[in-house]
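Before any comments, here is the structure.
Each chain gets a letter, A, B and so on, in the order its sequence line appears, and its residues count up from 1. Note that the structure is predicted; figures quoted are calculated from it, not measured.
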Amino acid sequence: MIKLIVSEKDNAAKRISNILADGKVTVKKSYGVPVYIFQNKQEDVHCVGLKGHILKVDFPEKYNNWQKVEPIELIDVEIVKIPTQKSIIKTLQKEAKDAVQIVIATDFDREGELIGVDALNKIKEVNSRVETKRAHFSALTEDEIKKAFSNLEDIHVNLAKAGETRQDIDLIWGAILTRSISLAAKRLGKQFLGVGRVQSPTLAIVVAREKERRAFISKPYWQIKALFGTEQGKEFLAQHKTDKFWEEKAAKKIVSNLGKIGLVTSSKRTKKMVSPPTPFSTTSFLATASSIGFSASNAMRIAEGLYMEGLISYPRVDNTVYPSSLNLREILVDLKKSKELGNLAALVLAQDKIVPTRGKKKTTDHPPIHPTGAANEKDLKPQEWKIYELVVRRFLATLAPSASMESARVDINVECPALKRSEPFFLQGSRVVDEGWLKFYSYGRKKDEDIPNLNEDDIVSVKKSILESKETQPPKRYGQGRLIQEMEKLGLGTKSTRHSIIQNLYFRGYVHSDPMIPTELGIAVAETLRKNAEAVTNPELTAQLEKDMDLITEGKAEKDSVVDISRDMLRDIVKVLKEREAEVSQEIRNGIKEGKIVGKCPKCGNELRIIRSKKTKKRFVGCASYPDCKTTYSLPQFGDIIPINETCEVCGAPKIKIVSRKKRPWILCLNLDCPSKKTSAES
DNA sequence: GCAAGGTC
């Protein structure tokens, strides 16, 4: 007679077993799955860790053929659960057969409860009368675990129901709309066009920004600067107070009539304290990693590896407050062993007080991302070291004192007799006075600006006046880090999925580069959805889903009625999509066509397009006037080809960008005989 | 071959 504990992952199973065991914990493998065996209060306990969800939802097999099933049919098809972790399920059933009690010990959240209930249902297939309980803990600490197991609760059926609702809604929206527009655009097989509750609003954000940029008309403006000299012979640049002159004439008039003497009208220096950064959540970690050149999914992959190595804590967290149970000093003492970072840890240890910063979001499931072991640079791959160093430096910074900065502003009036007035100039800047946490963490740190020491009523000489012509700039494209922050703000995705949602946009060919640029295909898909299935491009769908799931959790709404709302919305949308199939097809196919145009033919001026040879299956660039014009260029056969609307400065042939998985993207002139190739080959 | 969510 045993008790069986089921946790969400192997690591948690190990921890729970070690905490609850009276004596030693032994491990046996069943179907390759570790089972932890120990005694707790004279009872035999077995503990198994899952791998997250062990079942997935899908439509029955007979609906698998996209061409033979009308997408609208899928709306009312029963959704079935399919095992995805067969050896774990076998282990569960074997262990549960003779158990007297099952304790679900998955993470205490919606998905965790669902994972637990799925496991229980599999267990009940072999042992229907077993008693089932829930251990409710919010962190894997000794205290929490022991308390949870001496106060076992019932399964939170409604919480799991909310999770199932989320699964069903995601499946029907995703599958039905993915099939609808893929069929309309005749993009089948691995070319299908993905649509989903999270990915489509995310794509829409990127596309909306690109449209703003395209609609943006940049305006020329002028700025005036002047080089001044102090009595001590120091020189400095200051800018005219008018930030933008829209008329060149007016700016020129000032520049050519600027007087020779300036009077300092005010000089202020102010000190301000800059607080250290808050502890790393997944989002702030990915945002910072992105700023030093890591893609979100690469940074996440490396962080998961470091976690497995025991060097950093669990990387999927929303929490930004270190729990009081975390022994910060102990971590610092351990970090001293690192050859490269040990000295910095020692510096923090030497402080009188070690008071950590805290962020706005506080959850108790996992601590913010922090180092859990010391490492040396030579033990890690270069990329791993960069990420490890980032986590360590962030951790040290959160424990360090504020930095103090001095900012200075000087205002100068230049008397201009020729204009019969004076012109105002200013300069401002700041510098670090006391480094504080900046000693440990200089990611994104601004360069110090040197402001000359000037006092009110000082006289300065004007050495030169400068007219700079500029243009207003369109709003910036989203980098992956910024996009992840935006997704979090809008409630799109979770800490564990956002990076993969973004990665998916690249895989689908909807975006390229970082900062992210939507492809013509991505723009066409987003536009089609916006016109015909607006709901799925809107973050509001997720916001509403969250509200409904809260109601289900509280027992105030039923799964079926909530899913039915989505079914009704989809019926209308699919009907519209079917009616407008020709337009939808046209719009997306135009996008695809547009994406294949790489530029103009230098011989005849017609379009040059990427073509795939029917005979050799190889791709090449050919002129649209073929056979009248026989211009062709060969193409590399690997990687994605992105038209960039630029022509080669040297030979006039179009340039393209090639994005492949292994190499970094590169820009290439299509002309193999272009003289620029020779110089670049030498260099 | 569809989604998003866990985890590896």
Interatomic distance, [X] [atom1] vs [N] [atom2] [rounded to whole Å]:
| X | N | atom1 | atom2 | answer |
| --- | --- | --- | --- | --- |
| A/Asp170 | B/dG6 | CG | C1' | 13 Å |
| A/Ile75 | B/dC2 | CD1 | C1' | 15 Å |
| A/Leu203 | B/dA3 | CG | P | 13 Å |
| A/Arg316 | B/dG6 | CZ | C1' | 8 Å |
| A/Met549 | B/dA4 | CE | P | 13 Å |
| A/Trp66 | B/dA3 | CH2 | P | 7 Å |
| A/Lys68 | B/dC2 | NZ | C1' | 18 Å |
| A/Leu529 | B/dA3 | CG | P | 12 Å |

In residues 554-562 of chain A, what donor-acceptor pairs under 3.5 Å come from side-chain atoms, sequence neighbours left out?
residue	atom	partner	partner atom	Å
A/Glu554	OE1	A/Lys556	NZ	3.0
A/Lys559	NZ	A/Asp168	OD2	3.1
A/Ser561	OG	A/Glu558	O	3.0

Original post:
More than 12 foreign heavy atoms under 6.0 Å from NZ of A/Lys495: is that the case here?
Top reply: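 It does: A/Lys495 NZ has more than 12 such atoms within range.
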
Among [options], the one nearest [X] by side-chain distance:
| X | options | answer |
| --- | --- | --- |
| A/Arg166 | B/dC2, B/dG6, B/dA4 | B/dA4 |
| A/Asn65 | B/dC8, B/dC2, B/dG1 | B/dG1 |
| A/Lys9 | B/dC8, B/dG6, B/dA3 | B/dC8 |
| A/Phe59 | B/dC2, B/dG5, B/dC8 | B/dC2 |
| A/Arg197 | B/dA3, B/dG6, B/dG5 | B/dG5 |
| A/Ser496 | B/dG1, B/dG5, B/dT7 | B/dT7 |

Classify the nucleic acid contact of [X] as base, sugar-phosphate or nothing, counting any heavy atom under 4.0 Å across all strands shown.
| X | answer |
| --- | --- |
| A/Gln191 | nothing |
| A/Glu164 | nothing |
| A/Val57 | base |
| A/Ile169 | nothing |
| A/Gly493 | sugar-phosphate |
| A/Gly163 | nothing |

Original post:
Taking N and O atoms by type only, does the side chain of A/Asp58 place a donor or acceptor under 3.5 Å from a partner on the base of B/dC2?
Top reply: yes

Original post:
When the nearest nucleotide of DNA chain B is assigned to A/Leu74 and to A/Leu50 on a heavy-atom basis, which residue is associated with the more 5' position?
Top reply: A/Leu74

Original post:
Of A/Ser200 and A/Arg187, whose closest DNA chain B nucleotide lies nearer the 5' terminus?
Top reply: A/Arg187

Check whether any side-chain N or O of [X] sits under 4.0 Å from OP1 or OP2 of [N], and answer yes or no.
| X | N | answer |
| --- | --- | --- |
| A/Gln199 | B/dA3 | yes |
| A/Thr494 | B/dG6 | yes |
| A/Tyr314 | B/dT7 | yes |

Subject >> salt_bridge(A/Glu304, A/Arg301) N-O dist < 4.0 Å >> reply: no

Original post:
Any ion pair linking A/Glu389 and A/Lys386 (charged N to carboxylate O, less than 4.0 Å)?
Top reply: no

Subject >> Partners passing ring pair (Phe, Tyr, Trp, His ring centres under 6.0 Å) against A/Tyr510 (at least two apart in sequence or in another chain) >> reply: none

Original post:
A/Leu193 and A/Thr178: which non-hydrogen atoms are nearest, and at how many Å?
Top reply: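 What the structure gives for the nearest pair is O-CG2, 3.4 Å.
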
